[in-house]
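What you are looking at is a predicted structure, and each value in this text was computed from that prediction instead of being measured.
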Amino acid sequence: VAEQQIGDRIGDALAAVVGAGQVFAGADAGPDYQHDESLTTTGRAPGWVVRPADAEQVAAVLALATEHGIPVTARGSGTGLCGACVPRADGILVSFERLDRVLEVDVANQVAVVQPGVSLSELDTALAAHGLHYPVAPGEHSASVGGTVGTNAGGMRAVRYGVTRHNVLGLQLALPTGELLRTGGKLMKVSTGYDLTQLVIGSEGTLALVTEVVLKLRPRPAHARTLLAPFPDLDQVIRAVPEIIATGRDPHILEYVDWLTMAAITHTSQLNLGIPDELRESAQAYLVVAVENNIESRLDDDVEALGTKLLELGALDAFVLDGAAARALIEAREHAFWTGKAAGAQDVIDTVVPRTAMPEFLARVRELAEAGGSYVVGCGHAGDGNVHLAVIQPDEQVRHTLLRDIFAAGLALGGAISGEHGIGTEKKPYFLELTDPATVALLRRIKAAFDPAGILNPDVLFDAN
Ligand SMILES: Cc1cc2nc3c(=O)[nH]c(=O)nc-3n(C[C@H](O)[C@H](O)[C@H](O)COP(=O)(O)OP(=O)(O)OC[C@H]3O[C@@H](n4cnc5c(N)ncnc54)[C@H](O)[C@@H]3O)c2cc1C
């Protein structure tokens with residue numbers, strides 16, 4: 001009874017901040033708020049879901065949570081892949097769906113100021129009207145800007161334009177203490193103390209909640225061309241990647257897809273790329289190379305040079321896809337996660353290594369998978385050395401050991417556990433086991449400086465105190 005009374009009192013206090021219609025207790029808000037897209041998390045209803053309307057309300061919710069020691073989890077669109085927006089049963093889930101406005105498109109400065117609940121597809125529509133473009137494009141366009149800041153999302157275009165942290169100029173933050181502050185701004189450079197913008201990007205809702213984002217924009221590219229090159233073996237594809245980068249043709253997409261993943265995604269999307277059967281049968285992997293430019297004639301030259309280079313590097317052929325086929329292939333590649341899930345993958349990982357270490361890393365992965373009787377297939381942002389692997393191994397213990405050994409192999413080659421999906425709750429055991437303890441201790445001290453009561457996503461990155 002006493003617990004119920006305290007719960008009711010917290011619910012009333014939250015309603016006083018965000019309005020009675022914007023607080024839901026327990027499971028009343030529905031299943032959507034209970035999970036992300038990670039294959040290994042089980043959904044969980046939070047104590048409360050709140051839907052604030054502005055930054056001041058977010059800050060007031062945090063002050064209240066700190067006062068009562070209640071855990072808080074931020075949720076954008078829930079498309080994350082590592083459990084980082086899954087709420088605690090005793091916690092508050094802050095949904096950003098009502099902070100969904102593009103506040104300003106500053107055409108002259110090529111900057112947009114947006115609220116965190118704007119989705120990438122909504123943003124793109126708003127920017128297209130001005131001939132501008134925000135280049136960060138994770139495979140799921142319903143992802144929110146706030147969520148992409150949370151995970152430092154990447155995606156296929158990062159090879160040319162960088163990831164979220166290269167394209168965010170400033171933030172407004174609500175701190176667990178209830179303070180609101182701004183970092184950066186419409187500035188192309190800052191050398192004025194610690195860079196809090198960069199510290200918060202990729203912090204997975206553990207340091208502060210983002211209530212506004214200043215984004216760096218670029219002119220919208222008018223023309224694009226996509227080349228698809230089948231190769232007789234995966235190793236050759238991966239070894240071709242640094243050579244393609246070295247041409248200086250600056251592709252905005254440089255992806256590898258192994259034959260099985262290509263067969264699966266083209267089958268799922270009913271996509272016929274016009275590759276002759278005999279080539280398809282001998283191809284072990286594919287490289288997708290795309291270039292874009294506002295000056296069309298430059299693209300013709302790029303395509304010519306890249307096509308010649310791909311053949312020199314051992315491609316069986318190099319097809320220039322027409323616009324519709326290219327879009328369909330990119331979309332199918334973006335949906336590779338769903339194809340892997342439908343095929344029964346128990347986990348998906350996105351280890352990153354220096355791009356020249358990819359052949360050795362993938363060879364090691366193959367050995368580890370074979371030794372444990374597991375199946376590991378994939379594709380990846382090859383230009384970034386970011387390998388996306390679907391892991392099929394139903395035995396949880398065997399899978400855990402395999403993942404740990406794969407991550408350790410990546411780290412030994414100078415890599416990191418995740419290139420863009422994050423750590424969340426699901427990769428945390430590996431992160432804590434494989435990261436230097438001095439680094440973990442420093443990260444914890446940084447967290448304590450932002451969040452002294454430890455309310456923000458206490459199970460993400462670290463184990464709760
Ligand atoms: C089919 C598919 C393809 C994908 N492809 C890619 C890809 O190519 N590259 C890539 O990087 N990712 C990819 N993802 C993962 C996912 O889209 C990204 O992680 C994305 O950044 C998550 O955005 P979201 O709005 O759904 O965030 P959520 O999942 O809701 O949250 C992600 C994290 O951000 C935090 N957060 C959310 N909003 C805020 C806020 N306002 N303030 C502070 N913290 C906040 C959450 O607490 C959580 O820690 C893919 C996912 C799917 C399902």
Notebook entry, point to check: H388 and E420: side-chain donor and acceptor closer than 3.5 Å?
Noted result: yes

Next item on the list: Decide, yes or no, whether a salt bridge links R75 with D36 under the criterion of side-chain N to carboxylate O below 4.0 Å.
Entry: no

Next item on the list: Compare all side-chain heavy atoms of V352 with those of F361 and state whether any distance is below 4.5 angstrom.
Entry: no

Next item on the list: Flag yes if more than 12 heavy atoms outside Q236 fall under 6.0 Å of its CD atom; otherwise flag no.
Entry: yes

Next item on the list: Report the residues that fulfil side chain to side chain contact (heavy atoms under 4.5 Å, CB included) with D277, sequence neighbours left out, ordered by chain and then residue number.
Entry: R280, E281

Checklist line | Which atom of F319 lies closest to which atom of P276, heavy atoms considered | finding: CZ-CD, 3.8 Å

Note to self: Does atom CZ (R218) have a neighbourhood of more than 12 heavy atoms from anything else shown, all under 6.0 Å?
What the structure shows: yes

Check: Closest heavy-atom contact between L456 and K447?
Finding: O-NZ, 2.8 Å

Note to self: Is the ring pair Y161/H252 parallel, tilted or perpendicular, if the boundaries are 30 and 60 degrees?
What the structure shows: tilted

Notebook entry, point to check: Just wondering, more than 12 heavy atoms not from H400 lying within 6.0 Å of its NE2?
Noted result: yes

Check: To the nearest 0.5 Å, what is the distance between CD1 (I253) and CE (M156)?
Finding: 5.5 Å

Margin query: Give me the atom names and distance for the closest heavy-atom approach of S38 to E426.
Written below: OG-CG, 3.5 Å

Margin query: Between R225 and D300, is the salt bridge (charged side-chain N to carboxylate O under 4.0 Å, His left out) condition met? List the steps.
Written below: CA-CA 8 Å; R225 300 270 193 284; D300 296 336; 3.0 Å; yes

Check: Hey, which of Y430, F462, F431 is the one that makes side-chain contact (heavy atoms from CB on, under 4.5 Å) with I423?
Finding: F431

Margin query: Please check if the number of heavy atoms outside E396 that lie under 6.0 Å from its CD is greater than 12.
Written below: no

Notebook entry, point to check: Which heavy atom in V136 sits nearest to a heavy atom in L120, and how many Å separate them?
Noted result: O-CD1, 4.1 Å

Check: Ion pair present between D124 and R220, side-chain N to carboxylate O less than 4.0 angstrom?
Finding: yes

Margin query: Among L271, T339, L260, which residue satisfies the side-chain contact (heavy atoms from CB on, under 4.5 Å) criterion with I265?
Written below: T339

Check: Can H223 and E292 be counted as having a side-chain donor-acceptor contact under 3.5 angstrom?
Finding: no

Notebook entry, point to check: Around E433, counting heavy atoms of other residues, nucleotides and ligands shown, do more than 12 lie under 6.0 Å from its CD?
Noted result: yes

Note to self: Assess, by modelled atom type and distance only, whether the side chains of Q172 and T211 contain a donor and an acceptor separated by less than 3.5 Å.
What the structure shows: yes

Next item on the list: State, without any angle test, whether E204 and T206 hold a side-chain donor-acceptor pair at a distance under 3.5 Å.
Entry: no

